[in-house]
Amino acid sequence: MSTPDSPQQRPLAGILWMLAAGLCFVLMTALVKVIGGTMHPIQLAFLRYLLGLVFVIPVIRPLITTRLTPRQWSLFGIRGALHSVAVMLWFFAMTQIPLAEVTAMNYLTPIYVTLGAVFLLGETLAARRITAIVFALFGALIILRPGFRDVSPGHLAMLGTTLMLGGSYLLAKVTVDEVRPALVLAQMSLWVTLFLAPFAAAVWQPFSPSDLGFVFLIAALATAGHYCMTRALQAAPVAVTQPATFLQLVWSVALGALAFDEGVDPWVVAGGTLILASVSFISWREAALQRRQITPVNIAPKP
């Protein structure tokens with residue numbers, strides 16, 4: 001039975017934490033778009049993770065002392081590789097397509113996770129979940145509108161980003177059942193920094209101290225966003241907090257129009273809303289059936 005202090009008894013706090021997380025992620029994305037015009041996307045991605053290692057300092061001791069099996073090392077390494085590809089594609093996409101389109105297409109990641117769980121975790125897909133997935137993929141088609149407009153390399157990069165992130169979060173689900181969540185996050189940060197280093201070296205360009213400050217702010221916002229999201233999920237169930245992430249799309253549309261002179265595309269809003277509604281339905285069904293949650297807690301995961 002729930003107690004007054006249990007997560008289910010604090011829905012308002014959960015929603016507010018999720019709104020704070022969404023705001024952090026939108027601001028982070030906007031900063032990437034700003035600095036992406038002066039720094040190569042891969043170099044920017046590498047610096048974001050390199051500077052983000054400062055937030056790993058609190059878990060250095062358990063990171064060193066925790067004994068991992070060869071299988072766990074392999075899982076962390078594979079996840080690091082997948083996440084690194086996702087990061088490079090995402091930072092590239094940010095320089096190519098509008099802010100709202102990046103946000104809307106990012107909602108596809110939980111759909112890929114749901115599909116991947118069938119093959120990797122032995123989950124089954126009921127008819128309602130299959131229907132929700134079909135609607136989400138239709139939402140992606142609404143955003144892309146192939147045949148009615150050019151599908152740019154940025155759009156293809158975002159499709160690759162969400163696919164790679166889906167694989168990354170599936171592996172996170174496996175490892176978090178065996179290792180402390182803080183260590184899982186720290187391992188990802190270390191592996192991604194390591195994998196990105198040679199790619200960044202190949203495109204390295206001089207940068208100013210102000211650029212470095214922007215990158216550190218990006219890393220701080222990303223960390224703050226994930227922290228707020230964790231607090232949201234401690235305060236309330238995913239089914240309660242998840243719809244609040246729709247405001248990320250609203251804020252992205254508004255910020256793109258005001259700060260980057262990007263027109264408001266109703267097709268992007270419609271497609272993103274359809275994807276988000278589909279993912280929300282899947283999470284609601286999981287909660288209603290009291291089954292093990294498959295869709296990652298972050299409905300719009302950020303690299």
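One is the number of the first residue; the rest follow in order along the sequence.
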F207 CZ: over 12 foreign heavy atoms closer than 6.0 Å: yes

How about W204: does its CH2 atom have over 12 heavy atoms from other parts shown lying under 6.0 Å from it? yes

Rounded to the nearest 0.5 Å, what's the gap from CZ on R79 to CD on Q187? Could you check? 10.5 Å

One pair to check against side-chain contact (heavy atoms from CB on, under 4.5 Å): L276 and L249. What are the steps and the verdict? CA-CA 10 Å; L276 179 56; L249 182 58; over 6 Å; no

In terms of hydrophobic clusters joined by side-chain contacts under 4.5 Å, are V268 and L141 together? no

Smallest heavy-atom separation, A186 atom then L63 atom, equals CB-CD1, 4.1 Å

Locate the shortest heavy-atom distance separating G80 from V192; write the atom from each residue and the value. O-CG2, 3.9 Å

Determine the minimum heavy-atom distance between D211 and I35, stating which atoms define it. O-CD1, 3.3 Å

Distance under 6.0 Å and angle within 45° of the ring axis: does R48 meet both against F214? no

Does any part of the side chain of T175, heavy atoms only, come nearer than 4.5 Å to the side chain of Q72, both counted from C-beta? no

Walk me through whether Y49 and L53 qualify under side-chain contact (heavy atoms from CB on, under 4.5 Å). CA-CA 6 Å; Y49 270 89; L53 290 179; over 6 Å; no

Are L108 and F25 connected, step by step, through hydrophobic side chains (Ile, Leu, Val, Met, Phe, Trp, Tyr) whose heavy atoms are closer than 4.5 Å? yes

Hey, does L255 have a side-chain heavy atom less than 4.5 Å from the side chain of T29? no

Does I142 share a hydrophobic cluster with L99, counting links as ILVMFWY side-chain heavy atoms below 4.5 Å and allowing steps through other members? no

How many angstroms lie between CE in M164 and CE in M88, if you round to the nearest 0.5 Å? 11.0 Å

Checking Q43 side chain against Q205 main chain: does a donor-acceptor pair fall under 3.5 Å? yes

State whether a side-chain donor-acceptor pair under 3.5 Å links T103 with N106. no

Atom OG of S84 and atom CZ of F199: how far apart are they, to the nearest 0.5 Å? 8.0 Å

4.5 Å side-chain heavy-atom contact, F46 and F195: no

When rounded to the nearest 0.5 angstrom, what distance separates CG in D150 from NE2 in H155? 10.0 Å

I'd like to know whether CZ of F138 has more than 12 heavy-atom contacts from other residues, nucleotides or ligands below 6.0 angstrom. no

Considering only heavy atoms from C-beta outward, does the side chain of S278 approach that of I133 to under 4.5 Å? no

Work out which heavy atom in A232 is nearest to a heavy atom in M18; give both atom names and the distance. CB-N, 3.6 Å

Look up atom OH in Y112 and atom OG1 in T161, then write down how far apart they are to the nearest 0.5 Å. 10.0 Å

Carefully, step by step, assess V174 and R71 under the rule side-chain contact (heavy atoms from CB on, under 4.5 Å). CA-CA 11 Å; V174 174; R71 170 183 167 277; 3.5 Å; yes

If you compare all heavy atoms of S152 against all heavy atoms of I97, which two are closest, and at what distance to 0.1 Å? OG-CG2, 3.4 Å

Using 0.5 Å steps for rounding, measure from the CG atom of L183 to the OG1 atom of T65. 8.0 Å

V102 side chain near W90 side chain, heavy-atom distance below 4.5 Å: yes

Does some side-chain heavy atom of L23 sit less than 4.5 Å from a side-chain heavy atom of Q248? no

Connected via hydrophobic side-chain network under 4.5 Å: M188 and L75: yes

Just wondering, do L47 and I218 contact through their side chains at under 4.5 Å, heavy atoms? no

Taking T162 for its side chain and T109 for its backbone only, find out whether a donor-acceptor pair lies under 3.5 Å. no

Please evaluate residues H83 and L165 with respect to the criterion side-chain contact (heavy atoms from CB on, under 4.5 Å), reporting the C-alpha separation (whole Å), side-chain torsions for both, the decisive distance (0.1 Å), and the verdict. CA-CA 6 Å; H83 211 89; L165 282 178; 3.5 Å; yes

Find out if a path of hydrophobic residues (ILVMFWY) with successive side-chain heavy-atom gaps under 4.5 Å connects L212 to L50. yes

Just so I know, are the side chains of L82 and I78 near enough to count as touching, which here means a heavy-atom distance under 4.5 Å? yes

Nearest heavy-atom contact between F91 and A45 is CD1-CB, 3.7 Å

